[in-house]
There are 2 protein chains.
Amino acid sequence: MSTMTNSYDINEFKNPLFTVDSVLFTVKDDALKILMVKRANEPFIGSWGLPGGFVDVDSDTTTDVTALRKLEEKTSVAPQYLEQLQAFSGIDRDPRGFSVTLVYFALIAAQEVSSHIETIDDVQWIDIDKINSLSIAFDHKVIIEQAKERLQQKALYSMVPVYCLPEYFTVGQLKSVIETIIGKTIQRKSLIRRIESADMFETIDEKVKSGGRLAQQYKVKPGVDIVNFERNLST
Amino acid sequence: MSTMTNSYDINEFKNPLFTVDSVLFTVKDDALKILMVKRANEPFIGSWGLPGGFVDVDSDTTTDVTALRKLEEKTSVAPQYLEQLQAFSGIDRDPRGFSVTLVYFALIAAQEVSSHIETIDDVQWIDIDKINSLSIAFDHKVIIEQAKERLQQKALYSMVPVYCLPEYFTVGQLKSVIETIIGKTIQRKSLIRRIESADMFETIDEKVKSGGRLAQQYKVKPGVDIVNFERNLST
DNA sequence: TTATAAATGTGTCACAGCGACACTATGATA
DNA sequence: TATCATAGTGTCGCTGTGACACATTTATAA
């Protein structure tokens, strides 16, 4: 066989630097927060950055696994919701050269991880409104802004915000989480109509105190997908 | 300085194989078609694949540029609409090892490129319903399916389908394109209401024949963004 | 010249789902 | 037992889509 073949030599091209990062949201103390990590390495040592890193090509079967692995290193649990946000690329965004970061968008209940995170000093829940006043690595400010917009959009036409709540939750809790995410109030009645029509939730027999009348508890039916509604809530 | 620093050595990790591919849609002869390329190289030589390739880290400023460059090599023009779809990754999807492909989603008017493509024998518009009966490279069948679903969703709540039409178009043409994309009929009246409320289009003085009464022509106002409606058309 | 077909464009009613808001229900507390 | 706080319901109005009849304008053929 000739040495001139059509087969591709893996080292022929310079490959871009490829990383996976996640924007992990939660709602805690009536504020939208994201998980940030204080960087221990160059570049941007000492700044806050999104949790993430390189793919381990010997053990990660997909980039989803990379994202989950990196998040679990920081939170010790898996997020309740994970989806791809977008890739961000550029010749200037990393001083080491052309780089691509595939960014995931994740949700978790604050209760699931709070005690664990409080024991680590380089991992914190940071209020999304305080991001602009901090030193943030790479283009992560822009990434966070886009992730926030996506979350806000999704909150208007789907039930994703339930993944910021524990297994059992009430209408009041869900209403509060949605309002925190989108930054405006919604009608309790509209939310109840959606809960009933979505057919995503089951009621729990035991009710729970809430400062007034006992509240009905709900949980997500096992195995159901997120329902998308045909209309947005009021913009 | 010690040689033991925290700075990252770019060659320390095996980087995944990274490519950029595009699903370029058009509507032609009342059918939804995508641009496919007959592969001239291994792997999957001889099969049909999506147009794409490696980033040129010396000249591409972002992956968007890579996608546009690769599409222009095949069509000789830039698509009218381009957005990221999603990254697809895995240890098995490419025989050369762990690979990631960042997939873009693009739209163009058939008229813009048809004459150019007809002169090339390894680049073709392929009817999306015929994809399953062809030999398709990598996981591109799955990618195409997801791109199609995204396009169908977008057609229900936005005006993206206009980017499958030439600069000047009529309501009848837009209705036909939307119906081809979503695979069902819509109400002309609903479409006109949307055209009027979107404030994205301007009317053209000159009307055009269409087999009956002369039809009003529209064009996209320069510089406007796609409008998203708060409701979907009927599912 | 006139009738017909074909497509464009309009008028309008019904329906669904969200917003608004008054009203009822139930548990804690004084 | 009265009051407060939160949970939950009833219902009217509004908006945008679906449906469909009707009017308009052009080409074509009798």
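Chain letters run A, B, ... following the sequence lines, proteins first, then strands; residues in each count from 1. Since we're looking at a predicted model, the values are computed, not measured.
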Original post:
Which part of the nucleic acid, if any, lies within reach of B:Gln216 when heavy atoms closer than 4.0 Å are counted: base, sugar-phosphate only, or nothing?
Top reply: sugar-phosphate
**OP:** Starting at atom CG of A:Leu174, determine the distance to atom P of D:dT6, rounded to an integer number of angstrom.
**Re:** 17 Å
Original post:
Do B:Lys74 and B:Lys70 touch side chain to side chain, with heavy atoms closer than 4.5 Å?
Top reply: no
Subject >> Whole angstrom value for the distance that separates C1' of D:dT17 from CD of B:Glu196 >> reply: 15 Å
**OP:** Give the rounded distance in Å between these two atoms: CZ of A:Phe229 and P of D:dT15.
**Re:** 23 Å
**OP:** Assess A:Arg194 against A:Phe229: is NZ or CZ under 6.0 Å from the centre of the six-membered ring, and within 45 degrees of the ring's axis?
**Re:** yes
**OP:** Check whether the side chains of B:Ser89 and A:Thr62 place a donor and an acceptor atom closer than 3.5 Å, and report yes or no.
**Re:** no
**OP:** Provide, to the nearest angstrom, the distance between the CD atom belonging to B:Gln173 and the P atom belonging to C:dA7.
**Re:** 13 Å
Original post:
Can you find a side chain N or O atom of B:Ser234 that sits less than 4.0 Å from OP1 or OP2 on D:dG18?
Top reply: yes
Original post:
Nearest-Å distance, CG (A:Leu233) to P (C:dA20)?
Top reply: 11 Å
Subject >> Distance, rounded to the nearest Å, where B:Asn232 contributes CG and C:dC18 contributes C1' >> reply: 15 Å
Original post:
Just how far, in rounded Å, is P of C:dG9 from NZ of B:Lys209?
Top reply: 16 Å
Original post:
Does A:Lys219 come within less than 4.0 Å of A:Glu167, counting only side-chain N to carboxylate O?
Top reply: yes
Original post:
Does the side chain of B:Asn232 come under 3.5 Å of the side chain of A:Tyr157 through a donor N or O and an acceptor N or O?
Top reply: no
**OP:** Kindly state which residues belonging to residues 163-170 of chain A come within less than 4.0 angstrom of DNA chain D, counting heavy atoms of the residue only, listed by number.
**Re:** none
**OP:** Look up atom OG in B:Ser135 and atom NE2 in B:His140, then write down how far apart they are to the nearest 0.5 Å.
**Re:** 12.0 Å
Original post:
Charged N to carboxylate O below 4.0 Å: is that the case for A:Arg150 and A:Glu83?
Top reply: yes
Subject >> Strand contacts (DNA chain C) in residues 182-195 of chain A, 4.0 angstrom heavy-atom criterion >> reply: A:Gln187, A:Lys189, A:Ser190, A:Arg193, A:Arg194
Subject >> Distance, rounded to the nearest Å, where B:Tyr157 contributes OH and D:dT17 contributes C1' >> reply: 18 Å
Subject >> Side-chain H-bond candidate by donor/acceptor type, A:Ser99 with A:Arg93, under 3.5 Å >> reply: yes
**OP:** Over 60° means perpendicular and under 30° means parallel, so classify the ring planes of B:Phe105 and B:Tyr81, tilted if in between.
**Re:** perpendicular
Original post:
Of B:Arg231 and A:Arg213, whose nearest nucleotide on DNA chain C comes first from the 5' end?
Top reply: B:Arg231
